[in-house]
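Taking it in order: structure first as structure tokens, then the write-up.
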Amino acid sequence: MEDLQREIAAAAVFEDDLGDGNAPAFGPDAVAIDDPFDLTEGVPGPERGDAFESTLETFGSDESSSSSGAAPPVVVGIDQAFLEDAVVSAIVALQGGRIVERTHAVSPLSIPYIPGLLAFREGGPILDALATLSVDPDLAVFDGSGRIHFRQAGIATHVGVALDLPSVGVAKSLLCGTPDADVDERPAGWSTPIRADGHVESPEGTTDDVAGTVIGHAFQSRQYPNSRRVNPLYVSPGHRVSATTTVAIVDALCAGYKLPEPTRLADAYADAVKRSIGDS
DNA sequence: GCGACAG
DNA sequence: ATCTTGTCGC
């Protein structure tokens with residue numbers, strides 16, 4: 001398994017290569033979400049807005065369809081909720097700040113959770129859920145690390161490379177690596193690099209040739225004025241994104257809460273699905 | 001033996 | 001991840 005992760009790390013692109021053969025590359029501002037979604041009554045379903053509905057671009061659609069140019073990128077948030085021996089993988093797709101689709105899959109679990117091997121336990125189930133998605137995602141936001149991983153192949157990188165889909169990892173705690181600066185009690189918007197240390201290997205399996213490389217960042221997405229302190233997020237490139245852009249993207253995806261909206265929505269949706277299975 | 005660690 | 005009420009503070 002570790003060798004496979006080294007191969008994945010070697011195939012991963014930790015540089016900006018967003019966009020698609022059809023759709024043009026995009027930046028953080030193209031995926032920005034200004035207002036947080038109201039989850040008091042559950043995760044809102046797909047909208048039927050008049051902005052850009054399911055316009056199945058018909059043939060010969062150069063760039064003349066709309067005056068505003070191409071449609072915004074589709075960002076999918078992915079999160080899971082666990083049952084006895086199965087897992088609910090939920091996906092919420094956003095485009096232009098609106099929910100365009102939400103799906104889920106329930107898959108059996110075989111491998112236990114082992115630090116560093118998370119993708120082997122949750123990767124398959126996530127692919128199951130992604131297979132039920134009808135829209136084509138341009139970016140995936142994962143719950144867990146990307147490049148911040150012993151072999152630089154966290155779940156965001158693992159799945160991102162498998163599908164050759166741009167992806168970022170958003171973890172709530174640090175798996176490995178060392179922050180440049182002390183991470184405690186920082187103001188919202190603050191961030192510091194996380195560098196490879198003795199626990200991080202290069203695809204060749206060595207540790208000294210990567211030491212010092214920036215593999216991600218600690219990012220303070222939210223902070224309270226006086227009271228309780230909020231821990232920072234640990235964000236890292238999954239695939240086809242640089243560490244710097246990853247921070248900018250996650251920042252743009254946050255709308256007032258600690259977690260970026262896509263993950264916050266997927267998290268709530270996964271819980272909702274789990275409950276609907278439990279009491280039925 | 002110690003370190004020691006995403007979800 | 002998950003088990004779970006109250007509780008501190010704006």
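Order of the sequence lines fixes the chain letters, A, B, ..., with proteins taken first and strands second; residue numbering starts at 1 for each chain.
A:Arg229 places its CZ atom 16 Å from the P atom of C:dG9, with the value rounded to the nearest Å. The CG-P distance, from A:Leu118 to C:dT2, rounds to 13 Å in whole Å. For the pair A:Arg147 CZ and B:dA6 C1', the computed distance is 17 Å after rounding to whole Å. Rounded to whole angstrom, the span from the CD atom of A:Gln223 across to the P atom of C:dG9 amounts to 16 Å. Atom pair A:Ile148:CD1 and B:dG7:C1' shows a separation of 15 Å (rounding to whole Å applied). The CG atom of A:Asp267 sits 15 Å away from the C1' atom of B:dA6 (whole-angstrom rounding). Remark: C1' of C:dT4 and CZ of A:Arg275 are 15 Å apart, rounded to the nearest angstrom. Taking atom CD1 of A:Ile114 as the reference point, atom P of C:dA1 lies 18 Å away to the nearest angstrom.
You'll find the side chain of A:Asp138 stays beyond 4.5 Å of the side chain of A:Gln95, heavy atoms only.
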Discussion item. I'd like to know whether A:Lys274 forms a salt bridge (Lys or Arg N to Asp or Glu O under 4.0 Å) with A:Asp271, so could you lay out the CA-CA distance, the side-chain angles of the two residues, the decisive distance to 0.1 Å, and finally the verdict.
Written reply: CA-CA 5 Å; A:Lys274 177 185 177 179; A:Asp271 279 331; 5.7 Å; no
Discussion item. If you apply the rule side chain to side chain contact (heavy atoms under 4.5 Å, CB included), what do you find for A:Val183 with A:Trp190, and how did you get there?
Written reply: CA-CA 9 Å; A:Val183 154; A:Trp190 179 90; 4.3 Å; yes
Discussion item. Using the rule given for side chain to side chain donor-acceptor pair (under 3.5 Å), can you reason through A:Glu204 versus A:Thr206, listing the C-alpha separation, both sets of side-chain angles and the distance that settles it, and then say yes or no?
Written reply: CA-CA 6 Å; A:Glu204 290 68 46; A:Thr206 54; 5.0 Å; no
Discussion item. Working note: A:Glu122 + A:Asp143, criterion side chain to side chain contact (heavy atoms under 4.5 Å, CB included); need CA distance, chi angles, decisive distance, verdict.
Written reply: CA-CA 11 Å; A:Glu122 308 183 352; A:Asp143 217 55; over 6 Å; no
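Within a heavy-atom distance below 4.0 Å of DNA chain B, the residues of residues 154-175 of chain A found are A:Gly154, A:Ile155, A:Ala171, A:Lys172, A:Ser173, A:Leu174, A:Leu175.
Atom CD of A:Glu201 and atom CG of A:Asp208 lie 10.5 Å apart (nearest 0.5 Å).
Heavy atoms of A:Ile126 sit nowhere under 4.0 angstrom from any nucleic acid atom. The residue A:His199 sits apart from the nucleic acid: no heavy atom pair falls under 4.0 Å.
Taking a 6.0 Å sphere around CD of A:Glu15, one finds it holds 12 or fewer heavy atoms contributed by other residues, nucleotides or ligands.
Nearest nucleotide to the A:Phe150 side chain, out of B:dG7, C:dT2, B:dC5: B:dC5.
Phosphate proximity of C:dA1 to A:Lys274: absent, as no side-chain N or O sits under 4.0 Å from OP1 or OP2.
Residue A:Tyr113 and nucleotide B:dG7 are classified as a stacked aromatic pair, their ring centres being separated by less than 5.5 Å at an interplanar angle below 30°.
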